[in-house]
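Everything below concerns the one structure shown next.
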Amino acid sequence: MSVGVTLATTRRILSQLRHDHRTVGLIVGVPSLLMILLRYVLDQPGMFDRVGPMLLGVFPLIIMFVVTSVGTLRERSGGTLERLMTMPLGKLDLLLGYALAFGLVSLLQVGVVLALSLTWLDLDLAGPVGVLVAAAVLCALLGVALGLLASAFARTEFQAVQLMPAFVLPQALLCGLFVPRDQMAGWLEAISAVLPLSYAVEAMQQVTQESGVTGTLLADIAVIAGCTLLALGLGAATLRRRTP
Amino acid sequence: MMNSTAADPPPTAVSVRDLRVRRGGRDVLRGIGFDVPRGSVVGLLGPSGCGKTTLIRAIVGVQIVRGGTVTVLGRPAGHPELRRLVGYATQNPAVYTDITVTENLRYFASVLGAPRGDVRRVIDEVGLGRHRDQVAATLSGGQLSRLSLAVALLGRPELLVLDEPTVGLDPLLRQELWELFGELAAGGTTLLVSSHVMDEAARCRRLLLMREGAILADDAPDALRARTGADDLEEVFLRLISQHVEAAS
Ligand SMILES: Nc1ncnc2c1ncn2[C@@H]1O[C@H](COP(=O)(O)OP(=O)(O)OP(=O)(O)O)[C@@H](O)[C@H]1O
Ligand SMILES: [Mg+2]
């Protein structure tokens, strides 16, 4: 592992994004638009205060999942991964480079959506804003790590895009966004307890409803961070220098 | 006995013995063996699908092999120390098409730990000076493959493995690139260059002629001409194949 190579990789991914204004626009614009829609669809301040922050964790996760899985798949199919694998680049350099680049992008994304929510949309937060941002960025990093892992199971861009519903939608259904987890059937709740998105949503709930940093919140953050590291480790294991 | 130092490099850059590779359920390389002497340009020729890219992938250490040994600069292929010493250009240009020529080269130079000035040097060597700030996706096919070649030249590797670097280039550019290859070899670099084009073969010190996963001939162009009694290398290749087929039947 080398810090220099990791940072060079981050810089390269950011310059790829700099040449692709439309993707950056979509990364920031889509969740903003959805948040505005949500505010006026729900049209009750209490309801928006409950659901809004949860989406602040779910959006970055989903979007970063798609962007990273397609991005790494392009490295595989375009031959740049094969080329990098003949160079002094550690697998973790590549994965951390991706995580850092998209972590920075998610900071921009979360910042814009949160600013919009707190001003125009009148979102009411009980807890500190900084913790909410940190939790949301952590969700984005989880999305990056899952996307890197998922791309190992896709041969084509079509498959990669299909993996998003497969990886993310069951989690979104079970994470407590639609139905609180303790009101689900026992077996569904048990499944939801092993899915990382459930902890992301719980963390968001904690920040919105409790004024301080609670033990539950810290536990949630630890689970999300642990899942991120696990997914990155598994992702590194699926990257092979030698292929058939 | 492998106590080779920088002052005393082993005389062969690449040494392959009984290499066998299976891909997609078929034997693609069937027990290949040859040596590439240091500081020379060796051409790897053969019809499409004969296994040139597979052999090259085995040499740069990204191909899963069934058996045999591949030794590169005194170390087994794929050894971590080789990652700075071997430059590889894949058959299809492997660069990031959504960033500029310079951005691509800067990135790969950082990964290799190559000096900063290398970016400018390799841009000049492949003649992309006027396109340095152009996004790679907008380069012509030949320009894109020269960018991919430029990446392989970063850090002045001791061994350059180039998979069809001159495809899609006009005769003038091909001439220039072969002159560059000659200069590099004169400076001590070893080059293994695959090609479809037989007239390029004449510029190599040695030729490896492949067919269906086996080496048909491994010799200097003149020796091959003498052996087959043909002047034109295309003809040499055809005669070697028919000799081979006769010998087999
Ligand atoms: N990923 C793969 N899976 C299965 N078979 C493969 C794979 N890649 C190549 N092959 C097969 O291996 C054989 C050798 O392929 P290779 O790419 O080495 O040929 P080549 O000599 O480089 O051809 P060309 O001159 O057209 O580039 C071919 O028959 C090809 O169909
Ligand atoms: Mg080939």
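Between B/D35 and B/R17 there is a salt bridge, since at least one side-chain N of the basic residue sits less than 4.0 Å from a carboxylate O of the acidic one. Ion pairing between a basic and an acidic side chain is recognised when a charged N comes within 4.0 Å of a carboxylate O; B/R146 and B/E176 show no such pairing.
Neither the backbone nor the side chain of B/T97 has a heavy atom closer than 4.5 Å to any heavy atom of chain A. Heavy atoms closer than 4.5 Å to chain A are found nowhere in B/N92, neither backbone nor side chain. Within the 4.5 angstrom heavy-atom criterion, no atom of B/T54 approaches chain A. If you measure heavy-atom distances from A/L17 to chain B, you find no contacts under 4.5 Å at all. Of the atoms belonging to B/Q63, heavy atoms from both backbone and side chain fall under 4.5 Å from chain A. There is no contact between A/T6 and chain B, counting heavy-atom distances below 4.5 Å. Only the side chain of A/R11 comes within contact range of chain B, with at least one heavy atom under 4.5 Å from a heavy atom of that chain. With a 4.5 angstrom heavy-atom cutoff, B/V135 touches chain A only via side-chain atoms. Proximity to chain A is absent for every atom of B/R106, based on heavy atoms less than 4.5 angstrom apart.
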**OP:** Show your working on side-chain contact (heavy atoms from CB on, under 4.5 Å) between A/L84 and B/F108 and close with a plain yes or no.
**Re:** CA-CA 8 Å; A/L84 287 174; B/F108 287 112; 3.6 Å; yes
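No other option in B/S148, B/G155, B/S110, B/G113 has as many heavy-atom pairs under 4.5 Å with chain A as B/S148. Among A/L7, A/T9, A/L89, A/V5, the residue with the largest count of heavy-atom pairs under 4.5 Å with chain B is A/T9. Top candidate by heavy-atom pairs under 4.5 Å with chain A, chosen from B/R84, B/R23, B/R57, is B/R57.
Checking A/Q16, A/R74, A/E75 one by one against B/Y96, the side chain to side chain donor-acceptor pair (under 3.5 Å) holds for a single residue, A/E75. Of the residues listed (A/L55, A/L121, A/L33), the one engaging A/L38 in a side-chain contact (heavy atoms from CB on, under 4.5 Å) is A/L55, and it is the only one.
A donor-acceptor pair under 3.5 Å links the side-chain atoms of B/K52 to the main chain of B/G46, judged by distance alone.
For A/R242, the CZ atom sits in a packed shell: over 12 heavy atoms of surrounding residues, nucleotides or ligands are nearer than 6.0 Å.
Aromatic ring orientation, A/F167 versus A/F65: tilted (interplanar angle from 30° to 60°).
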